[in-house]
Amino acid sequence: MGTQWGINRTVAQIHALLYLSPKPLHAEEIAEILSVARSNVSTSLWELQGWGIIRTTHALGDRARPL
């Protein structure tokens with residue numbers, strides 16, 4: 001559906017995954033779950049952050065995680 005709106009497929013998949021996830025996920029988890037390249041996840045997360053759809057959260061002792 002996202003591609004019909006002119007949104008990159010991976011961006012749409014990541015948005016849906018984060019929306020449905022009960023907890024924040026880090027990029028490595030997203031890449032593994034969706035079977036996409038980590039670099040593609042990173043680019044897609046930056047795009048979603050730029051649109052204000054997601055934000056970064058910080059967990060003590062862990063890397064930043066998009067929410």
Side-chain angles (χ1 to χ4, degrees):
M1 182 180 244
T3 54
Q4 293 176 346
W5 295 338
I7 300 171
N8 177 293
R9 179 181 177 174
T10 305
V11 172
Q13 288 177 316
I14 292 172
H15 179 239
L17 178 63
L18 292 174
Y19 182 79
L20 295 173
S21 177
K23 66 178 182 75
L25 301 172
H26 56 78
E28 288 81 16
E29 288 177 305
I30 295 169
E32 184 177 322
I33 292 167
L34 297 178
S35 298
V36 296
R38 170 64 175 82
S39 58
N40 198 357
V41 170
S42 180
T43 302
S44 298
L45 290 174
W46 276 109
E47 190 167 342
L48 290 168
Q49 285 178 328
W51 294 341
I53 295 173
I54 63 170
R55 59 186 163 88
T56 301
T57 62
H58 300 281
L60 186 60
D62 201 2
R63 292 180 172 185
R65 294 175 179 243
L67 176 67

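Small disclaimer: the values here were computed from a predicted structure and weren't measured.
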Check your understanding: Around atom CH2 of Trp51, are there more than 12 heavy atoms of other residues, nucleotides or ligands at under 6.0 Å?
Key -> yes
Review point. Which pair of heavy atoms, one from Glu28 and one from Arg38, lies closest together, and at what distance?
Key: OE2-NE, 3.2 Å
**Study point:** Heavy-atom closest pair, residues Leu45 and Ala27
**Key:** CD1-CB, 4.1 Å
Practice item. Please say which of Ile7, Val36, Val11 ends up in a side-chain contact (heavy atoms from CB on, under 4.5 Å) with Ser44. Key: Val11
Review point. Taking ILVMFWY side chains as joined if any heavy atoms are under 4.5 angstrom apart, and letting links pass through other members, which residues group with Leu20?
Key: Tyr19
Exercise for review: Would you check if Ile30 and Leu18 make a side-chain contact, meaning some heavy-atom pair closer than 4.5 Å?
Suggested key: yes
Point to revise | Listed partners of Thr43 passing side chain to side chain contact (heavy atoms under 4.5 Å, CB included), at least two apart | key: none
**Study point:** Exam field: side chain Glu29 to backbone His26, donor-acceptor pair closer than 3.5 Å
**Key:** yes
Review point. Ala37: what forms a side chain to side chain contact (heavy atoms under 4.5 Å, CB included) with it, not counting sequence neighbours?
Key: Ser39, Asn40
Exercise for review: Please round to the nearest 0.5 Å and tell me the distance separating atom CG of Leu25 and atom CD1 of Ile54.
Suggested key: 10.5 Å
Point to revise | Reported CG-to-CD1 distance for the pair Leu34 and Ile14, which is rounded to 0.5 angstrom | key: 6.0 Å
Exercise for review: To the nearest 0.5 angstrom, please state how far the CD1 atom of Ile33 sits from the CD atom of Gln13.
Suggested key: 11.5 Å
